[in-house]
Every structure is written in structure tokens, then in C-alpha cells.
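This chain uses plain numbering: 1 for the first residue, then up along the sequence.
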Amino acid sequence: MSANSIRWIKDRTGRFPERPYYRQEELDSLSEEWIVGFLLETYGKAEFPVSTQDLTVMIECDTSDLDQYADLSEEGEEGEEVQGLTLFYPDQKPVVKISQELADASHREHRLRTTLTHEFGHVKLHARLWPFDQPRLFPDEEEAPGPRCKRPGDSGGSGVDWMEWQAGYVSGAILMPVTRLGRLVQMTFDAWGTFGSVPTASVKGADLIARIAGQFEVSNDAARVRLAQLGYLTDRPEERSLGLK
């Protein structure tokens, strides 16, 4: 998808006159193109799970600086924990800052991976939103404007900010690319004799979530959200035979 082919719609939040609109299929395609292209260029092959080190190198290619040990304690409102920050400038690539709290805690590796890819989503999708050749949208800010992410935006329910939802979707789609994920789900469903989707709150649902989380080195929550987004999990109590995507 080229920059000229992006669909722009009215931004009802009032932050921008217009905002980019992406269908899920478009975000899946873009995300897989980015991560697979990077791996092929680097290694000549694309294997998953992608390492955290490779994620950082990929992000560094599209930023002027990636600071993984940033002090973001002053960025959030009272009681909030800001884990990632993307800043946009007129004369250089974006800057991404990741909270040192994630880098210093080995038990938060999954959150570090989703935060890195979430900020990468902002870098790839949202840099052109800020019109630097016009009066600043945020004249009172001392630093460059950009989204402050309290946590990766994993869900797509109503009330979720569109910018955070897009970046959150890209995060899951990079870590769990749609084609690779679909093949694993297909193999699992074939072994079970299952078609369509399985209930989230079921033995099969829990098994599927655990398999995907382990295969792609993500948390169970991230795997559950991704599987639900693609229609492999359902909140209904019975299995649905709608055909795999």
C-alpha cells in the first residue's frame, strides 16, 4: 500500500482534520510485509518467533534514535505507567523511547516485545499526521509531539483510541503474522477435526492460546487478542463452523 492509496477519513477526536483509515486486512498485509521483508533482507529467510534483538534492529532502521532505557516516570498522569513513547520531528526520523522498567525486568520480556512493536506501529503509520510546515498543534509542549503509550493497545473494543488501536494491531500482526499464524491454527484445527472457531472459555480455546503464545513468544493475553481479532476464538459457548481465514 502506497502513501497515496491510504484512505483518509474525518478524525472525530478533533486532534487532526483527517486520519488514516485501515482495514484489518490492510494492517495484516503491511505488518507481514515489514517483518518478513526485514528478516529476508537480514537472513535470507523468515523464521518465527522473531528475536527481541531483531525487533530492535528493525525499529532502529526507521527511527533516528531508539532509547530502551528511558526514564518515562514524568510522562504519565498520576498513577499511570508510561511504557513507550514516540516523538516526531520535522527534520529527522521519529524517536522511540522505551521505559527502562521493561528493559531491566526479565520477567517482562513479553511486554517489552509488544511495546517495541506497538511503537513501531506509530512510526510506520502516524508520522505524516503532524504537519510541521504549519503552526504546531501542541504549542505548549516543549518536546516534539507524539503519542504517549501507557501500555500497548491490545483490544479493539469501542472506546479505544483509533491511533492506539492501529498501533496495537500492528504489534500483534508483526509478532504473529497472519499467514504464519493461520497455518498453525489450520494444523491444530485439522488435528482436532475443528472448523471455524473455538470458544475462548474452553479447553480447546486455552490450548490454542497457549500454543500460539509459545510459538511466537508472546503473552497468553496477546495471543488471545490476536486469535479473537482473526476470528479463531469466539465468546460463544459452542464452536462455530465458518471456515478458516
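Side-chain contact between I98 and Q83 is absent, with no heavy-atom pair separated by less than 4.5 Å. When side chains are defined from C-beta on, V95 does not count as touching T63, because their heavy atoms never get closer than 4.5 Å. A 4.5 Å side-chain heavy-atom check between R7 and I9 finds at least one atom pair inside the cut-off. Side chains of K124 and V170 form no contact here, defined as non-hydrogen atoms less than 4.5 Å apart. Taking 4.5 Å as the limit, some side-chain heavy atom of L55 sits within range of a side-chain heavy atom of I174. Counting heavy atoms from C-beta outward, L85 and V96 have side chains that stay 4.5 Å or more apart. Between D54 and Y43 there is a side-chain heavy-atom pair separated by less than 4.5 Å. Between P177 and I35 the shortest side-chain heavy-atom distance falls below 4.5 Å.
Note on M163 and W8: same hydrophobic cluster, where clusters join Ile, Leu, Val, Met, Phe, Trp and Tyr whose side-chain heavy atoms are under 4.5 Å apart, directly or indirectly.
Ion pairing of E74 with K97 is absent here, as no side-chain N (NZ or NE/NH1/NH2) approaches a carboxylate O to less than 4.0 Å. At a threshold of 4.0 Å, the pair D221-R224 counts as salt-bridged, since one of the basic side-chain nitrogens sits closer than that to a carboxylate oxygen. Of the charged side-chain nitrogens involved, at least one lies within less than 4.0 Å of a carboxylate oxygen, so that R180 and E32 count as a salt-bridged pair. One finds a salt bridge joining K45 and E47 here, because a Lys/Arg side-chain nitrogen approaches an Asp/Glu carboxylate oxygen to under 4.0 Å.
Side chain of D11 to main chain of E18: no donor-acceptor pair is present (N/O by atom type, distance under 3.5 Å, no hydrogens or angles). Listed for the S202 side chain is no donor-acceptor partner under 3.5 Å among the backbone atoms of V198. Judged purely by atom type and a 3.5 angstrom limit, E26 uses its side chain to pair as donor or acceptor with the backbone of R23. Under a 3.5 Å cut-off, the side chain of S29 and the backbone N or O of E25 do not form any donor-acceptor pair. For Q68 (side chain) and T56 (main-chain N/O), no donor-acceptor pair under 3.5 Å exists by modelled atom type. The main-chain N or O of C61 is found under 3.5 Å from a side-chain atom of K93 such that the two form a donor-acceptor pair. Listed for the S31 side chain is a donor-acceptor partner under 3.5 Å among the backbone atoms of L27.
Here the closest heavy-atom approach between residue A213 and residue A223 is recorded as N-CB, 3.8 Å. Nearest heavy-atom pair across Y232 and G182 is OH-CA, 3.6 Å. Residue F48 comes nearest to Q215 through the heavy atom pair O-NE2, 3.7 Å, listed as atom of the first residue, atom of the second, then distance. Taking all atoms of both residues into account, the shortest heavy-atom contact from Q229 to Q24 is O-NE2, 3.3 Å.
Classification of the H118-H122 ring pair by plane angle, with boundaries at 30° and 60°, yields perpendicular.
Geometrically, R226 does not engage F216 in a cation-pi contact defined by less than 6.0 Å to the ring centre and at most 45° from the axis.
A donor-acceptor contact under 3.5 angstrom links the side chains of R15 and T13, judged on distance only. For the residue pair E119/T86, the side-chain donor-acceptor check at 3.5 Å is satisfied. A donor-acceptor contact closer than 3.5 angstrom links the side chains of T117 and S171. When only modelled atom types and interatomic distance are considered, D190 and Q186 share a side-chain donor-acceptor pair under 3.5 Å.
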*In sequence, state the C-alpha distance, the side-chain angles, and the governing distance for D207 and T188, and then conclude on side chain to side chain contact (heavy atoms under 4.5 Å, CB included).*
CA-CA 10 Å; D207 189 357; T188 302; 6.0 Å; no

*Let me see the working for V50 and R113 under side chain to side chain contact (heavy atoms under 4.5 Å, CB included), right down to the final yes or no.*
CA-CA 10 Å; V50 60; R113 290 163 61 80; 4.2 Å; yes

*Would you please test L208 and V185 for side chain to side chain contact (heavy atoms under 4.5 Å, CB included) and show each step?*
CA-CA 8 Å; L208 183 63; V185 174; 4.3 Å; yes

_Run L184 and I212 through side chain to side chain contact (heavy atoms under 4.5 Å, CB included) and show every step you take._
CA-CA 8 Å; L184 289 173; I212 297 304; 4.2 Å; yes

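Rounding to the nearest 0.5 Å places CD1 of I59 at 12.0 Å from CG of D65.
Evaluated for a ring-ring contact (aromatic ring centres under 6.0 Å, His included) with H126, the options Y22, W162, F88, F16 yield exactly one hit, W162.
The ring of W165 has its center closer than 6.0 angstrom to the ring center of Y169.
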